[in-house]
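Since the structure comes first, as structure tokens, the remarks are kept for the end.
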Amino acid sequence: QVQLVESGGGSVQAGGSLRVSCAASGYTYSRNYIGWFRQAPGKEREGVAGITTGGGRTYYADSVKGRFTISRDNAKNTVYLQMNSLKPEDTAMYYCAAGAWTGSLNPADFRNWGQGTQVTVSS
């Protein structure tokens, strides 16, 4: 059972960059699909990016492709989301979650969730 803790959120100006981290613990890290999701007030939770911890297979939402990069450091049991060219519409609570590879990023496919880290992008 994997446990997840997000960190690295904060406030940044539009056009800036931020990297959020998802630190995992537990015995199942090596066989997990870690996804980043975000939810803004009044909006549905949406998938942002995902990566398999073993092979590094990735998935990106169209809204962030080319701006965001997901990566992992298995020695540290950590998944990162590098966010560049940030826009005000990227403002949300960002969550990481553990599941299994499905070729998409549906929140219903993920069992374990972190508590989230707030990202705020100002104009």
Side-chain angles (χ1 to χ4, degrees):
Q1 186 80 357
V2 63
Q3 296 175 324
L4 307 171
V5 179
E6 302 94 336
S7 63
S11 297
V12 64
Q13 293 282 345
S17 298
L18 201 64
R19 188 180 73 166
V20 290
S21 301
C22 177
S25 62
Y27 295 110
T28 62
Y29 174 82
S30 63
R31 293 193 61 196
N32 262 290
Y33 178 48
I34 304 296
W36 280 101
F37 300 79
R38 66 187 182 187
Q39 187 167 26
K43 296 184 178 180
E44 297 283 345
R45 184 169 298 187
E46 62 174 340
V48 177
I51 188 168
T52 59
T53 57
R57 181 179 295 182
T58 58
Y59 175 90
Y60 293 95
D62 289 341
S63 61
V64 306
K65 196 168 187 177
R67 298 190 298 124
F68 292 8
T69 302
I70 191 168
S71 62
R72 90 277 196 216
D73 184 342
N74 288 347
K76 297 181 178 179
N77 290 347
T78 300
V79 172
Y80 304 98
L81 184 67
Q82 178 68 45
M83 301 179 287
N84 298 327
S85 301
L86 282 162
K87 306 173 181 179
E89 52 261 45
D90 295 317
T91 296
M93 183 72 73
Y94 282 70
Y95 302 89
C96 64
W101 172 260
T102 63
S104 62
L105 211 55
N106 187 337
D109 295 327
F110 290 77
R111 294 176 176 270
N112 301 308
W113 294 79
Q115 296 301 306
T117 186
Q118 179 68 39
V119 172
T120 301
V121 184
S122 60
S123 301

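Everything numeric in this text was worked out from a predicted model, so none of it was measured.
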Requested in this report: Could you tell me the separation between the OG atom of S7 and the CD atom of Q115, rounded to the nearest 0.5 Å?
Outcome: 13.5 Å

Query raised in the report: Got a sec: does the CD of Q3 have more than 12 other heavy atoms crowding it under 6.0 Å?
Result: no

Query - Neighbour count above 12 (heavy atom, 6.0 Å) for E44 CD - result: no

Report summary line: Here the gap from Q13 atom CD to S123 atom OG, rounded to the nearest 0.5 Å, amounts to 8.0 Å

Report summary line: Value for OG (S17) from CD (Q82), rounded to nearest 0.5 Å, stands at 5.5 Å

Report summary line: Scanning both residues in full, the closest heavy-atom pair of R67 with L86 reads NH1-CA, 4.0 Å

Report summary line: CE (M83) and OG1 (T69) are apart, to the nearest 0.5 Å, by 11.0 Å

**Report entry** Pair T53-N32, side-chain donor/acceptor within less than 3.5 Å
**Finding:** no

Query raised in the report: Counting distance only, does the side-chain N/O of T78 pair as donor-acceptor with the main-chain N or O of K76 below 3.5 Å?
Result: yes

For a quick test of your reading: what N or O donor-acceptor pairs under 3.5 Å do the side chains of residues 92-111 make, sequence neighbours left out?
from, atom 1, to, atom 2, distance (Å)
Y94, OH, R38, NH1, 3.0
Y94, OH, D90, O, 2.7
T102, OG1, S104, N, 3.4
T102, OG1, S104, OG, 3.2
N106, OD1, A108, N, 3.0

Report summary line: Here the pair of heavy atoms bringing V79 nearest to W36 is CG1-NE1, 3.9 Å

Query raised in the report: Hey, which of L18, T120, V121 is the one that makes side chain to side chain contact (heavy atoms under 4.5 Å, CB included) with S11?
Result: T120

Query - ring-ring contact (aromatic ring centres under 6.0 Å, His included) assessment of W113 paired with F37 - result: CA-CA 10 Å; W113 294 79; F37 300 79; 4.8 Å; yes

Report task. Keeping the roles fixed (side chain from T117, backbone from G9), state whether a donor-acceptor pair exists under 3.5 Å. Result -> yes

**Report entry** side chain to side chain contact (heavy atoms under 4.5 Å, CB included) partner of C22, the single match among I34, N77, L81
**Finding:** I34

Query raised in the report: Given the rule in the side chain to side chain contact (heavy atoms under 4.5 Å, CB included) test, do I70 and Y80 qualify, once you have shown the distances and angles that lead to the verdict?
Result: CA-CA 6 Å; I70 191 168; Y80 304 98; over 6 Å; no

